[in-house]
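Data block below; observations after.
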Amino acid sequence: MGVDTSADAPLPVGAVSRLIGGWIDRLGAVWVEGQITQLSRRPGAGVVFLTLRDPAHDISVGVTCYRKVFDAVADVVTEGARVVVHAKPEWYAPRGQLSLRAAEIRPVGVGELLVRLEQRRKALAAEGLFALERKRPLPFLPQLIGLVCGRASAAERDVLENARHRWPAVRFEVRNVAVQGVHAVAQVTEAVRELDAHPEVDVIVVARGGGSVEDLLPFSDEELIRTVSAARTPVVSAIGHEPDTPLLDLVADLRASTPTDAAKKVVPDVGEEHERVRQLRDRARRAAHGLVDREERGLAHTLARPSIQHPHRMVEEREERVSALLDRSRRTLGHLLDRADSELSHTRARVVALSPAATLQRGYAVLQTAEGAVVRAPDEVAYGAELRARVAEGELVVRRVDEDGAAGADGAEAAGG
C-alpha cells in the first residue's frame, strides 16, 4: 500500500482498515459465480442477504442486494442454486469485513432457462392466453381424435391402446413429429394447424412421455403457444412431466398428467357408459312406475267419492227443494196477480164513476157552441144561438130563447127543450 511501518512505528487497526477500504473502493464491478448457501429475506426489509460459496475451494463471501434485484429471480433462485452475480466489492471498516453489493443476479444453467420461461409465462398470462374463460369444453364422444406425438413412441402407443380399450370404435388422425430438438417447434406447430383445419377432427392431443427441462423446451415456445391459443378445436396437453409445467399445459383446454391420462379424459369408457345408461334406465323406470302408482291411487280416491259413485243423489236431494220453491213462486205470483186485478177493478170503478159518461147516464147534458166550446154560463150564449146538447145516447141541436119563448130577432123557437 506504499506505507512504511516498523515495530517501533506500527499502524493502528483503524488506519489499516481504512487503507484496505480505500484500495477496495478503487476496484470496479465484477461477475462472480458461486452457490447460494444462506438466504435471508426479512419481511418488510429492503435488503436481501446472501452467502455465496465456492464449492471447489470452500470459500464464502457475503452478498447484499436490494429486494427489487432479488425479486426478479426469486421464483427460481433458492438455497443451493448456482448463480452468477454482477457485484461491486465493499469493505465494512468497523468490522474489517469484505462483502459484495449485487446489482444483478442470474441463475446458471437450468435456472437461467427457468427464468426465461417464467418471464415468458408472465408476459403471455398478461395477454390473457391462459385465462380460464378461454378454455373450451371437450366433446363427450369425439368421432375423430387428432394425435401429435413422436414416431413409434410410448406416448403414441399409450394413447391409442388406452383409448381403443375404453371405446373400440374411436378413430385417430395421427401426426408423427419430432418432439425435441431444433425441428420440434416447427413440426409440432404445423401438425396442430393441420389437425385444427381438418373438418372431422373433434379434439387434438399433443403427447410426449416426459423428459428433462431442456427436452421440453419446444412445448414452451411462444409460436406453439399462440397457435394452440388461436385453434378452434379443443387441445389436450399430455406431456407427462409433473415437476415442471410447460407453457403448453397452461394454454391447452385440458391438461393430462400422462398420455394414458389423456386417453382416459378424452374418450369415455364404454363399460362405464353402459352402466350409467342402465342406472338411468332403472331410475326412469322407477320414476315412471311411481308416477303411475301415484296417479292410480289418486284416481281410486276420486272414484270413491260419493259424488262419483252416486252422481244423481245430489240432483235427487235438491229436486224436492226445487219443487217447493217452484210452488212457492207460483203461489206468490198468483197472489200478486190477484191483488193487482183487485186494485185494477177498484181503480176502474172509481174512474168510471168519475167519468163524464156516467154523469150523462144520470140525465145530465153537456152544451157546446158550434165551435165546440163547452158552455158553463148562460151569458156565454147569445139569444137565438144554436147549441149542441150532448146526452148519454147522442146529441141535440138547440137554440137559446128568452123568457117569453122568443128565439131572438127572428122569433124562432128552440128545436128541443
Side-chain angles (χ1 to χ4, degrees), residues 133 137 280-417:
E133 55 268 20
L280 292 174
R281 186 173 57 247
D282 293 343
R283 181 180 176 184
R285 184 182 294 109
R286 290 193 299 270
H289 288 169
L291 178 61
V292 173
D293 293 341
R294 184 168 63 254
E295 295 301 323
E296 286 181 347
R297 289 193 299 271
L299 181 60
H301 179 71
T302 302
L303 293 176
R305 293 179 178 179
S307 59
I308 299 299
Q309 292 185 344
H310 304 284
H312 298 289
R313 178 180 296 177
M314 185 180 299
V315 177
E316 294 171 353
E317 290 176 351
R318 286 166 173 76
E319 183 178 5
E320 295 180 0
R321 184 178 178 184
V322 172
S323 298
L325 291 174
L326 181 60
D327 293 341
R328 180 181 176 184
S329 63
R330 286 175 176 172
R331 289 194 302 271
T332 301
L333 180 60
H335 293 328
L336 292 176
L337 291 176
D338 292 342
R339 183 184 303 171
D341 182 66
S342 177
E343 291 178 355
L344 180 61
S345 297
H346 293 162
T347 302
R348 182 176 180 278
R350 287 196 300 271
V351 170
V352 170
L354 297 176
S355 68
T359 302
L360 295 178
Q361 287 291 340
R362 294 196 297 271
Y364 292 92
V366 178
L367 295 178
Q368 293 177 311
T369 64
E371 290 78 12
V374 177
V375 178
R376 293 179 175 86
D379 56 0
E380 294 180 359
V381 181
Y383 290 108
E386 290 186 356
L387 300 175
R388 288 184 300 166
R390 184 175 180 181
V391 295
E393 301 299 331
E395 292 183 356
L396 297 175
V397 178
V398 298
R399 290 178 182 272
R400 180 181 179 183
V401 297
D402 56 13
E403 295 179 354
D404 297 331
D410 54 3
E413 294 182 354

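Keep in mind that the numbers below use all heavy atoms, side chains included, and drop hydrogens, waters and symmetry copies. Position 1 is the first residue of the sequence; numbering continues from there.
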The reported gap from CD in E319 to CZ in R321 (rounded to nearest 0.5 angstrom) is 14.0 Å

Distance col, row L333:CG vs R330:CZ, nearest 0.5 angstrom, shows 10.0 Å

Surrounding CD of E320 (heavy atoms of other residues, nucleotides or ligands, distance under 6.0 Å), is the total greater than 12?
no

To the nearest 0.5 Å, atom CZ of R305 lies from atom OG1 of T302 at 5.0 Å

Separation between CG (L367) and CD (E380), nearest 0.5 Å, reads 10.5 Å

Run E296 and L299 through side-chain contact (heavy atoms from CB on, under 4.5 Å) and show every step you take.
CA-CA 5 Å; E296 286 181 347; L299 181 60; 5.6 Å; no

More than 12 non-hydrogen atoms from neighbouring residues, nucleotides or ligands closer than 6.0 Å to CZ on R390, yes or no?
-> no

The side chain to side chain donor-acceptor pair (under 3.5 Å) partners of Q368 (sequence neighbours excluded) come to none

>> Looking at S345 and D341, would you say the former's side chain and the latter's main chain have a donor-acceptor pair under 3.5 Å?
In response: yes

Here the gap from T332 atom OG1 to L325 atom CG, rounded to the nearest 0.5 Å, amounts to 10.0 Å

The test is side-chain contact (heavy atoms from CB on, under 4.5 Å); show your working for R350 and T347 and say whether it passes. CA-CA 5 Å; R350 287 196 300 271; T347 302; 3.3 Å; yes

> So L387 and V397, side-chain contact (heavy atoms from CB on, under 4.5 Å) or not? Walk me through it.
Replying inline: CA-CA 6 Å; L387 300 175; V397 178; over 6 Å; no

To the nearest 0.5 Å, atom CZ of R331 lies from atom CG of L326 at 10.0 Å

Decide yes or no for E295 and V292: does some side-chain heavy atom of the first lie under 4.5 Å from some side-chain heavy atom of the second?
no

